[in-house]
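This one's a predicted model, so the numbers in the text were calculated from it and none came from an experiment. Side-chain atoms are counted along with the backbone in the values below, which use heavy atoms only and exclude waters and symmetry mates.
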Amino acid sequence: MNRILTYDSTLRDGGQCEGVALSLEDKLRIVMRLDEFGIDFIEGGFPASNPKDIAFFEQVRTLPLKHAQVAAFGSTCKKGVAACDDKGLADLLASGAPVVTIVGKTWDAQVTRALQTSLEENLRMIADSVAHLKAHGRRVVFDAEHFFDGYRANPDYALACVRAASAAGADSIDLCETNGGALPHQVEEAVAAVAAAVPGQAWGIHCHNDSGCAVANTLAAVRAGATQVQGTVGGLGERVGNADLLTVIADLELKMDCACVGAENLRQLTGVAQFVFELCNMAVPGHHPYVGASAFAHKGGLHASAIARFPEAYEHAKPEAVGNATRMLVSELAGKASLVAKAASLGIDLASARPADVQAILDDIKQREAAGYSYEVADGSLALLVRRHLGQYAPRFTLESFRVIVDDHEDTGALAKDAMSEATIKIHVGEQRFVATGEGAGPVGALDNALRMAITEFYPEVAGMELVDYKVRILDENVGTDAITRVVITTRDRNGSWGTVGVSENIIEASWNALVDSIEYGLARMGK
């Protein structure tokens, strides 16, 4: 099988998608999930460009990655500046990332109009930058920006640019279809011509989806000789997005006899999509290829009756190969094997449980998901749910009641920023009753503070837990203020982080349920 390397740009290009705002904790969790999935390279962003990315490259070095290598992204040295004196390149090296990706111009019009420099100086910038990074022991990916526009306008100069990068030692030259306007036959012809002109060089492809051809263009490039594919989870990205790396991987593995993550890891495809989209506070589009809820859904009539006898007639691939399932109903169906495996990863033995108990857990999950729950990024809540069914869980505290008050004393309208929240909770720990009041800028923070005050005497470990992320998604927006609200909370201690979920028509109640699960699971994972 032809080995194709995978290069994920969700944390950079995906983060530039309108409506996506990933926290530092989100980015680190995505790195861990993509590493588990088997992605080869994960692009982290621009080192030193902002405090979040600075912290990211500091913390990502501490993650126990098993396969993936993290890439730092930047550009060639500035015009008139030697690579050894360029601050941007120095920041890339200082990030400690083992892979460095630099973007350079290959379209003559971009060189003269955007960079406002000469064609010769641009070639110097490319060669000098690649050579400098290679001299410091980095794996270097050269992103040939606007390559396909440049190749159409001036093929000799576009070729001169990639030759300069190749001669300087670039490990992979990834041809960028930057404005998303090319068609598959154009991409295949150009990649084949370049690969023939510069033999022995490893080529990659980076496509945008403005004409709806990003995945097709990526596959066409592989047909022409590319051995590295770039993209983002779900095609997230600027404008209409990038090539969907998950679709590309599935197509390569299942239809083009290529090896990317392997058949075993490919079964994680749907879970990876759900994980990343949930952290982006979005839903995976139902009609998305391979991973959407409707990708293998069948509605009545001829399809429904035929699918049991001849599924290949209406399913182009086996849904279980990508972690999805054939559906005849609206709600999702989970498999026992996947639940047993997931439970094992959480330290729970379901393999030896009674089949009836496993089925009861699956039925409960199905009902809860229909009500709005999502457990893909809520391992803490899922673990507690499973343990409740197995009789292995006893709550550390029980709620009698809580009350939240929001005070805003200054009438400054939409610009008011002085509102404060106060939460009073009454809980029971064992046979003792505690009443505590906490304050915070928001109601969830106030509830969190009050709960900690009430139980710290019994469970001092909660002082080491930190609420690091809070996301709200409104489900069924068409019913307005009566809509179901899903809250996902991420909590962290010195041993790692975990997610919990709460669902209710009342946003405060949903938040409380997720908050309680976060504390309960945090204590459980400590063995308390």
Set of residues satisfying side-chain hydrogen bond (donor to acceptor under 3.5 Å, both in side chains) with respect to [X], sequence neighbours excluded:
{"X": "D349", "value": "S352"}
{"X": "Q186", "value": "none"}
{"X": "E18", "value": "none"}
{"X": "R113", "value": "none"}

Taking side chain to side chain contact (heavy atoms under 4.5 Å, CB included) as the definition, give me every residue that meets it alongside [X], ordered by chain and number, with sequence neighbours left out.
{"X": "T178", "result": "E145, H146, C176"}
{"X": "N513", "result": "E509"}
{"X": "A94", "result": "none"}
{"X": "A193", "result": "Y151"}

I'd like to know whether D53 forms a salt bridge (charged side-chain N to carboxylate O under 4.0 Å, His left out) with K27, so could you lay out the CA-CA distance, the side-chain angles of the two residues, the decisive distance to 0.1 Å, and finally the verdict. CA-CA 10 Å; D53 279 356; K27 295 182 72 169; 2.7 Å; yes

Is there any side chain to side chain donor-acceptor pair (under 3.5 Å) pair reaching into [range], and which pairs are they, with sequence neighbours excluded?
{"range": "residues 76-88", "answer": "K87-D91"}
{"range": "residues 38-47", "answer": "R3-D40, T6-D40, Y7-E43, S9-E43, R12-E43, D40-H67"}
{"range": "residues 487-501", "answer": "E25-R492, E25-S497, R29-T490, E466-R492, D493-R525"}

Does the salt bridge (charged side-chain N to carboxylate O under 4.0 Å, His left out) test come out yes or no for R61 and E58, once each step is laid out? CA-CA 6 Å; R61 292 198 295 266; E58 290 175 350; 5.9 Å; no

Strictly by modelled atom types, are [X] and [Y] linked by a side-chain donor-acceptor pair under 3.5 Å?
{"X": "R33", "Y": "Q268", "result": "yes"}
{"X": "S381", "Y": "D517", "result": "yes"}
{"X": "Y521", "Y": "D379", "result": "no"}
{"X": "N242", "Y": "Q230", "result": "no"}

Would you mind checking if [Y] and [X] are paired as a salt bridge, meaning a charged N to carboxylate O distance below 4.0 Å?
{"X": "E315", "Y": "K318", "answer": "no"}
{"X": "R124", "Y": "D128", "answer": "yes"}
{"X": "D210", "Y": "R239", "answer": "yes"}

Find out whether Y470 and V488 are in side-chain contact, i.e. whether some heavy atom of one side chain is under 4.5 Å from a heavy atom of the other. no

With sequence neighbours excluded, what pairs up with F73 under the ring-ring contact (aromatic ring centres under 6.0 Å, His included) test? F46

